[in-house]
Amino acid sequence: MNPQDNQIGEVRAGSGFVLFFIFILALFFDAAATSVFMIQNGPVYEVHPLVRVASIALGPVYGPILGAVCKILAGLGLIYFHRTLARLILPAVTILSLCAGAYNLLAWPLYQIGFLRSLPF
């Protein structure tokens, strides 16, 4: 085996680790923003059904954290069983988690003061 091949493999493994680390940070940002949202408004407005059930059972802090841990385990399973598909799904989930966290912190107060139309639930 060529020494350059080992270096290329290490670079690819390093970029995958960085992607997974950013994925974890985005999930915990979303969990923290969801916790702030739930402490103020309660878990009844949560859209994700599993996070809502976990938050009702465990509280507004531990429910979103449990949801984030389960999503991390699902990401690890995806990486383990289908690495090429994980390269497509993990960035999408990372972007969605960042958008959900930003929504919880920025858009929800606009609904509460009546600036935006109310939600259907």
Under 3.5 Å, side-chain donor or acceptor atoms of residues 60-80 against the rest of the protein: list the pairs with distances, not counting sequence neighbours.
none

Please tabulate, one pair per line, all N/O donor-acceptor pairs under 3.5 Å involving side-chain atoms of residues 90-99, not counting sequence neighbours.
unit_1	atom_1	unit_2	atom_2	d
Thr94	OG1	Leu90	O	2.7
Ser97	OG	Val93	O	3.0

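Cluster membership for Leu50 and Val44, using ILVMFWY side-chain heavy atoms within less than 4.5 angstrom, is not shared. Residues Val53 and Leu58 are members of separate hydrophobic clusters, defined by side-chain heavy-atom contacts under 4.5 angstrom among Ile, Leu, Val, Met, Phe, Trp and Tyr. Linking Ile, Leu, Val, Met, Phe, Trp and Tyr whenever their side-chain heavy atoms come within less than 4.5 Å puts Leu27 and Ile24 in one cluster.
Separating the CZ atom in Phe28 from the OG atom in Ser35 is a distance of 10.5 Å, to the nearest 0.5 Å.
Two residues are said to be in side-chain contact when any heavy atoms from C-beta on lie closer than 4.5 Å; Leu105 and Phe29 meet this criterion.
With ring centers used as reference points, Phe20 lies under 6.0 Å from Phe23.
Nearest heavy-atom pair across Met38 and Val51 is CE-CG1, 4.1 Å.
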